[in-house]
Each structure stands twice: as structure tokens, then as C-alpha cells.
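Side chains included, hydrogens not; waters and symmetry mates left out as well; all remaining heavy atoms used.
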2 protein chains.
Amino acid sequence: MESEIRVRRQAVGLSQAALGAALGVSRQTINAIETGRYDPSLVLAVRLARYFESTVEEVFHIAEK
Amino acid sequence: MESEIRVRRQAVGLSQAALGAALGVSRQTINAIETGRYDPSLVLAVRLARYFESTVEEVFHIAEK
DNA sequence: TCCATATGACAAGCCTGCTTTACAGTCGCT
DNA sequence: AGCGACTGTAAAGCAGGCTTGTCATATGGA
């Protein structure tokens, strides 16, 4: 899955570790999401979107079908 | 997690099995989400929201923190 | 009454999300 | 060269999402 996490994180000048800490997950989890190794859970996706003052649909790009 | 899946599904007159079939998941999965036994994956949540022509944030209610 | 449809729930099994620990590579600075 | 911060990835382990199969219950119609 593609996401805007990396771009948005860098835009606010945070490291993967700092973002993870802000959301209560490990830096490896942020890294895995950014590198597309796995998709976040629904709860984490919503938290990430909220953190960037956006929506799940805007931050995560999920194929039509 | 609370969701509007049941209400929205009934509003369009579908059974759990029919909704599951429309989205490519089993009826047990729809049932588990409606009864709150577990949260859907991000991908399934987005598909459900799209199906109801809505957004993840509107269909699924996730606590602030 | 009998049958079909719908729902709720459980179990086993598989795959994935997330954790901690750990190692390696890059970069900038001194 | 050495150091610190950042990133990428891997392994082991646990929790949770989803499947198929199955059983039980309720409801409405012929």
C-alpha cells in the first residue's frame, strides 16, 4: 500500500522514531509502513491521519478493488 | 470499535452474507465487525466505507486516544 | 409443520501487525 | 577517524484478522 506518511513526516521534521513515539508505536512499525512492508491496522491508520490533520483516504492510497 | 456498518447495511437491505460477497469477505467477517468482536483491516475498512459512499472516519468511530 | 433465510458464535489454521533485540549502513559534524 | 542520529532490515514471539466448517437459534412463508 502506498501512503504519504514519509512525505508528511519529513514535512514536519520528525524522525521515524519520534513519530512512532508520538503515536505509541515502535520506529520499526513506522519504517515498515513507509517502506510498504505491511499495512497499518485501522486504528493506527486513523491515528496517523489525525496526527497529520488529514483523513485516512487522503494519507493512504488504496487501490480501487 | 463502534461502526455504522449494521445500520448502513440494513439501510440498503442487504444480509451480512450479501455484503460480505459484495466486498469479497466471508459473512463471519461482517458479523464479527458488526458485533465488535474485532476491527477490520485498513483495506477492508476503506472498502466498506467506499461501498457506503462514505469515509472511514464517518463509518468507524475510533476513540480520540 | 416444514423449509429457507438470517444471524451469532466457536474452533482450527494461516497470515499479518506489532513488539523487542540486534546488526549494518549512511550521513554530518568535530 | 570517531561519534551520534537516522534508517533499513531481520528474527522470534504474541495478538489479532480472516477463512472454512459447523452448530444453534430465530423468523417468515408455503
Distance below 4.0 Å between [X] side-chain N/O and [N] OP1 or OP2:
X: A/Ser26; N: C/dC18; result: no
X: B/Ser41; N: D/dC18; result: yes
X: B/Thr29; N: D/dT19; result: yes

message: Tell me if a side-chain donor or acceptor on B/Arg27 pairs with a main-chain N or O of B/Gln16 at a distance below 3.5 Å.
response: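 Judged by distance alone, no pair lies under 3.5 Å.
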Starting at [atom1] of [X], measure out to [atom2] of [Y] and round the result to the nearest 0.5 Å.
X: A/Phe60; Y: A/Ile33; atom1: CZ; atom2: CD1; value: 6.0 Å
X: B/Ser15; Y: B/Asn31; atom1: OG; atom2: CG; value: 11.5 Å
X: A/Arg6; Y: A/Glu34; atom1: CZ; atom2: CD; value: 4.5 Å

Using whole Å, what does the distance between atom [atom2] of nucleotide [N] and atom [atom1] of [X] come to?
X: B/Leu42; N: D/dG16; atom1: CG; atom2: P; result: 18 Å
X: B/Asp39; N: D/dA15; atom1: CG; atom2: P; result: 17 Å
X: B/Ile33; N: C/dT7; atom1: CD1; atom2: P; result: 14 Å
X: B/Tyr38; N: C/dC10; atom1: OH; atom2: P; result: 13 Å
X: B/Leu23; N: D/dG17; atom1: CG; atom2: P; result: 17 Å

query: A/Ile62 versus A/Val56: any side-chain heavy-atom pair under 4.5 Å?
result: no
message: Measuring only between side-chain heavy atoms, which start at C-beta, is A/Leu19 closer than 4.5 Å to A/Phe52?
response: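 A/Leu19 vs A/Phe52: side chains touch.
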Pairwise N/O distances under 3.5 Å, protein to nucleotides 6-9 of chain D:
from	atom 1	to	atom 2	distance (Å)
D/dT7	OP1	A/Arg9	NH1	2.8
D/dT7	OP1	A/Arg9	NH2	3.4
D/dT7	OP2	A/Gln16	N	2.6
D/dT7	O4	A/Arg27	NH2	3.4
D/dG8	OP1	A/Arg6	NH1	3.3
D/dG8	OP1	A/Arg6	NH2	2.9
D/dG8	OP2	A/Arg6	NH2	2.8
D/dG8	OP2	A/Gln16	NE2	2.6
D/dG8	OP2	A/Asn31	ND2	3.0
D/dG8	N7	A/Arg27	NH1	3.3
D/dG8	O6	A/Arg27	NH2	2.5
D/dT9	OP2	A/Arg37	NH1	3.2

- request: Take A/Leu44 and A/Thr29 through the side chain to side chain contact (heavy atoms under 4.5 Å, CB included) test and state the conclusion after the steps.
  value: CA-CA 10 Å; A/Leu44 180 52; A/Thr29 292; 3.7 Å; yes
query: Can you check side chain to side chain contact (heavy atoms under 4.5 Å, CB included) on A/Val25 and A/Ile30, steps first, answer last?
result: CA-CA 8 Å; A/Val25 296; A/Ile30 301 298; 3.8 Å; yes
message: With each end axis built from five pairs of C1' atoms, what bend angle do you get for the helix from C/dT1-D/dA30 to C/dT30-D/dA1? Round to 10°.
response: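 The helix from C/dT1-D/dA30 to C/dT30-D/dA1 shows an end-to-end axis angle of 30°.
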statement: Applying side chain to side chain donor-acceptor pair (under 3.5 Å) to A/Ser54 and not counting sequence neighbours gives A/Glu58
